[in-house]
Amino acid sequence: MKTENFSECYRHSMAHILAKAVVEIFGKENVQLAIGPQISEGFYYDFLLPRTVTPDDFEMIESKMREILKRKEDFRYVEVSREQALEEFKGQQFKEELIEELPEGETISIYYTGDDFKDLCRGPHVSNSAELLSCAFKIKSVSAAYWKGDEHNAVLQRIYVFAFETKEELKAHLKFLQEAKERDHKILGPQLDLFFMDPTAPGMPYWLPKGWKLFNTLLDFWREEHEKRGYQEISSPLINHNSLWITSGHWDHYRDGMFTIPVDENNTYGVKPMNCPNSIVVYKRTNRSYRELPLRLSDCDVLHRKEKSGELNGLLRVQMFRQDDSHNFITEDQIYDEVNAILDIADLFYGIFGLTYRPELSTRPEDFMGDINLWNKAEENLRDILNKRYGEDGYDVNEGDGAFYGPKIDIMMKDALNRQWQMGTIQLDFQLPRNFDITYADKDGTEKVPVIIHRVIYGSIERFIGILIENFKGAFPFWISPVQVGIVPIREEHSEYAKEVMEALQKKRIRCEADFSENHMNKKIKAFRNYKIPYVLVLGNEEAEHKTVSINIRGGKQLKNVPLEQFVKVCSKMNEERTLQLVESEEQMK
RNA sequence: GCCGAAAUAGCUCAGUCGGUAGAGCACUUCACUCGUAAUGAAGGGGUCGAGGGUUCGAGUCCCUUUUUCGGCUCCA
């Protein structure tokens, strides 16, 4: 008989089985149990153990778990007092700590699995471990984890386990992971000649011609849309004397994240990790009037941020990157309209790639600075905007998670492995304007302090490209494809017509490459296909005679003898309209 | 930073018990002039991530180090 809410609790019960297995293997007195929650693909359990667990141990632990399951022991629920609980878990330092921290009046419960294993647990659980026999599990990995996620605390060993109700589900999940590998931008990027990394510059991508074309195509789009909206692009120094960073507060709060350059005994420069201070230097250059606001100073200069070793991840976490940044200087009354307008841009940009995102609002933290009334008003504005745009369930709220200088809205996206990344962000800043003492002259002639909005839409272009690669598996929409059309003359005698085709395409700024080598046409087609080029044209006698092209469409489809003129038109249209889908049908081509 | 795994030709990888490094693709040359995902033949290409140690001898064993990957966010 299966427990009623089986699917909600089997992973959690399984976590107890893992803990029991580990205790039996290492001996009760050698194991300190921490916590073992269920997670999206299974569960984990944190332990303090006498030695490190390695992948060689997985099989042994798994079979011990199976052995325990076969004992068909009951999960027995017992409520206890705090004193009893402390007595029961005497010597288990983490459990003791947890018990001490439980709020007054809360029911404290223990689950027994058999008579010889117990765990502090709120449950629920299956009633007998036999129920778990039909489940599928597999130890995924082991990693270090800190007690309560704090690096100052004890280092624990976390054993991750995949767990599903059926073998089929586990199999499907392993298949998903296999497919995610095929989307991995770290593999596809270098394979498609977009970028690579060199050990002398960890986390600092080298952009190859194809990747840089993609990069710049994204920036062209960004510039076009932002110019329309009154943004003005600037560029500023990459390194500044530390006096600037002292004023901005970065020297005190962010120095560990900065690359610094000592110039002589008395002077140190810092490489910019953010653009804001220099944008403010630009703002400060002249007296500003309320008539100029919102003043939107955008830039996409190179930024450097030092990351802890082990934190880097392909293009998704780098040490050198560019943001499609802007600092919008506004009045307090302009918060609503400006944030709303920025989200309009975000919807446009994400929509054009068919990407969905989830906004996240972070509100006032305990150590906030500035005027609480301004905070309240701003947060009210942001909630109102988010409610109207995405509905109350359409975004998440992280109470108290905002920066000390202002609330923010983050745009979150997932990579191929479903890991969450922050992409765009809209951060209100009430503090930096005060640090730099910037003002504007208001209508009545008084000097007022502007609010700054730090905002990015793509986020870091590097990270955005990483997500794009994984999302499209490297098969980009036509308009951002580094090479849009590959041209294959069948024999040397077709080179002349191939050149004609190439010129017709280039005239319309369609990015194409022709292969005039003596190789067999199959070889040429294959080479282009490996780059996931949208269209590969095959040109021979037929095509030259009738001024047509035969098209190999990415994905496998073929169209024969499409009039050249028509093909150029279709390509131009996709570039102009930034079409997401590739035109594949004969009707649209003819 | 912490735990685990990994690094061999441009790429993907093999290399057994420690005996002096190999395949496929790619590249070069020659032949083939070809109608839709691998034409044939020949050839070049390596400080086995780096440094140190053990050994008669190290890609292989030990230590250090660099880089990369998975995790360190899911809360009894």
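Predicted model only: the values in this text are computed from it and were never measured.
- Nearest nucleotide to the A:Tyr44 side chain, out of B:rC74, B:rC2, B:rC3: B:rC74.
- Going from the P atom of B:rC11 to that of B:rG19 covers 26 Å, rounded to whole Å.
- The base-pairing partner of B:rA7, taking Watson-Crick or G-U wobble contacts with both distances under 3.5 Å, is B:rU66.
- The same atom, C1', is picked in B:rA26 and in B:rC63; the two are 38 Å apart, to the nearest Å.
- Summarising the local packing, CD of A:Gln420 is surrounded by more than 12 heavy atoms from other residues, nucleotides or ligands at distances under 6.0 Å.
- Taking the C1' atoms as reference points, B:rU28 lies 28 Å from B:rU20, given to the whole Å.
- Base-pair partner of B:rA41: B:rU29 (Watson-Crick or G-U wobble, both distances under 3.5 Å).
- For B:rG15 and B:rA9, the P atoms lie 15 Å apart once the distance is rounded to whole Å.
- A cation-pi arrangement is absent between A:Lys181 and A:Phe176 under the rule of less than 6.0 angstrom and at most 45 degrees off the ring axis.
- OP1 and OP2 of B:rG70 both lie 4.0 Å or more from every side-chain N or O belonging to A:Arg158.
- Rounding to whole angstrom units, NZ of residue A:Lys524 and P of B:rU39 are separated by 13 Å.
- Backbone-only engagement by A:Gly149 is indicated by non-hydrogen atom pairs under 4.0 Å involving sugar-phosphate atoms exclusively.
- In a base pair of the Watson-Crick type (N1 to N3 plus N6-O4 or O6-N4) or a G-U wobble (N1-O2 and O6-N3), with each distance short of 3.5 Å, B:rG46 is matched with no nucleotide.
- The interatomic distance linking A:Leu120 (CG) with B:rC75 (C1') rounds to 12 Å, in whole Å.
- Stacking of A:Lys210 on the aromatic ring of A:Tyr531 is recorded, both the 6.0 Å distance cut-off and the 45° axial limit being met.
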Please tabulate, one pair per line, each protein N/O and nucleotide N/O from nucleotides 32-37 of chain B that are separated by under 3.5 Å, including the distance.
residue	atom	partner	partner atom	Å
B:rU33	O4	A:Glu492	OE1	3.4
B:rC34	N4	A:Glu518	O	3.2
B:rG35	O6	A:Asn541	N	2.7
B:rG35	O6	A:Glu542	N	3.2
B:rG35	N1	A:Glu543	OE1	2.9
B:rG35	N1	A:Glu543	OE2	3.4
B:rG35	N2	A:Glu543	OE1	3.4
B:rG35	N2	A:Glu543	OE2	2.4
B:rU36	O2'	A:Gln558	NE2	2.7
B:rU36	O2	A:Asn552	OD1	2.8
B:rU36	O2	A:Asn552	ND2	2.4
B:rU36	N3	A:Asn552	OD1	3.3
B:rA37	N7	A:Arg529	NH1	2.4

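- Residues A:Phe89 and A:Ile99 are in side-chain contact: their nearest non-hydrogen atoms beyond the backbone lie under 4.5 Å apart.
- Judged by distance alone, the side chains of A:His12 and A:Gln38 never bring a donor and an acceptor atom under 3.5 Å apart.
- Contact annotation for A:Ala144: base contact, defined as any heavy-atom pair under 4.0 Å involving a base atom.
- Looking at which nucleotide of RNA chain B each of A:Glu307 and A:Leu98 is closest to, the 5′-most match is held by A:Glu307.
- Taking atom CZ of A:Arg11 as the reference point, atom P of B:rC75 lies 13 Å away to the nearest angstrom.
- For the 3.5 Å distance criterion, the side chains of A:Tyr45 and A:Asp119 qualify, holding a donor opposite an acceptor.
- Side chain A:Gln92 to base B:rA76: no donor-acceptor pair is found below 3.5 Å.
- The cationic atom of A:Arg11 (NZ for Lys, CZ for Arg) does not lie both less than 6.0 Å from the six-membered ring centre of A:Phe43 and within 45° of the ring axis.
- Remark: the separation of the P atoms in B:rU29 and B:rG45 is 16 Å, to the nearest Å.
- Residues A:Gln484 and A:Ser481 bring no donor and acceptor atom of their side chains to less than 3.5 Å of each other.
- Atom C1' of B:rA14 sits at a distance of 23 Å from the matching atom of B:rG57, rounded to the whole Å.
- In this structure, A:Lys140 satisfies the cation-pi test against A:Tyr160, with its NZ or CZ atom closer than 6.0 Å to the six-membered ring centre and inside 45 degrees of the ring normal.
- Atoms NZ (A:Lys308) and C1' (B:rC3) sit 15 Å apart, rounded to a whole Å.
- Side-chain N/O atoms of A:Thr54 include none lying less than 4.0 angstrom from OP1 or OP2 on B:rA5.
- With a glycosidic angle no more than 90° from 0, B:rC17 adopts the syn conformation.
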Show me the protein contacts with nucleotides 60-69 of chain B, counting only N or O atoms at under 3.5 Å.
residue	atom	partner	partner atom	Å
B:rC69	OP1	A:Gly314	N	2.7
B:rC69	OP2	A:Leu312	O	3.3

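- The base-pairing partner of B:rU55, taking Watson-Crick or G-U wobble contacts with both distances under 3.5 Å, does not exist among the strands shown.
- Here, B:rG52 and B:rC69 have their P atoms 28 Å apart, quoted to the whole Å.
- At whole-Å resolution of the value, NZ in A:Lys148 and P in B:rU73 are 14 Å apart.
- In this structure, A:Pro190 reaches neither bases nor backbone, as no heavy-atom distance under 4.0 Å exists between it and the strands shown.
- Residue contacts for A:Ser141: at a heavy-atom cut-off of 4.0 Å it reaches no nucleic acid atom on any strand shown.
- Donor-acceptor pairing under 3.5 Å is lacking for the side chains of A:Ser63 and A:Glu59.
- Nucleotides B:rC56 and B:rU16 have their C1' atoms positioned 22 Å apart, rounded to a whole Å.
- Residues A:Tyr390 and A:Tyr357 bring a donor and an acceptor atom of their side chains to less than 3.5 Å of each other.
- With both pairing distances under 3.5 Å, B:rC72 is matched to B:rG1 as a Watson-Crick or G-U wobble pair.
- One finds the CG atom of A:Asp401 at 8.0 Å from the CD atom of A:Glu360 (value rounded to the nearest 0.5 Å).
- Atom CG of A:Asp119 is separated from atom C1' of B:rA76 by 7 Å (rounded to the nearest Å).
- In this structure, A:Ile35 places its CD1 atom 12 Å from C1' of B:rC72, rounding to the nearest Å.
- Base contact: A:Thr107 has a heavy atom under 4.0 Å from a base atom.
- Heavy atoms of A:Val155 sit under 4.0 angstrom from primed sugar atoms or phosphate atoms, though from no base atom.
- The nucleotide whose nearest atom lies closest to any side-chain atom of A:Ser143 is, among B:rA76, B:rG71, B:rC27, B:rG71.
- For the pair A:Tyr160 and B:rG4, the criterion of a side-chain N or O lying under 4.0 Å from OP1 or OP2 is not met.
- At whole-Å resolution of the value, CD in A:Glu151 and C1' in B:rG71 are 15 Å apart.
- A heavy-atom distance below 4.5 Å is not found between the side chains of A:Met423 and A:Ser460.
- Note on A:Gln420: nothing from the nucleic acid sits closer than 4.0 angstrom, heavy atoms only.
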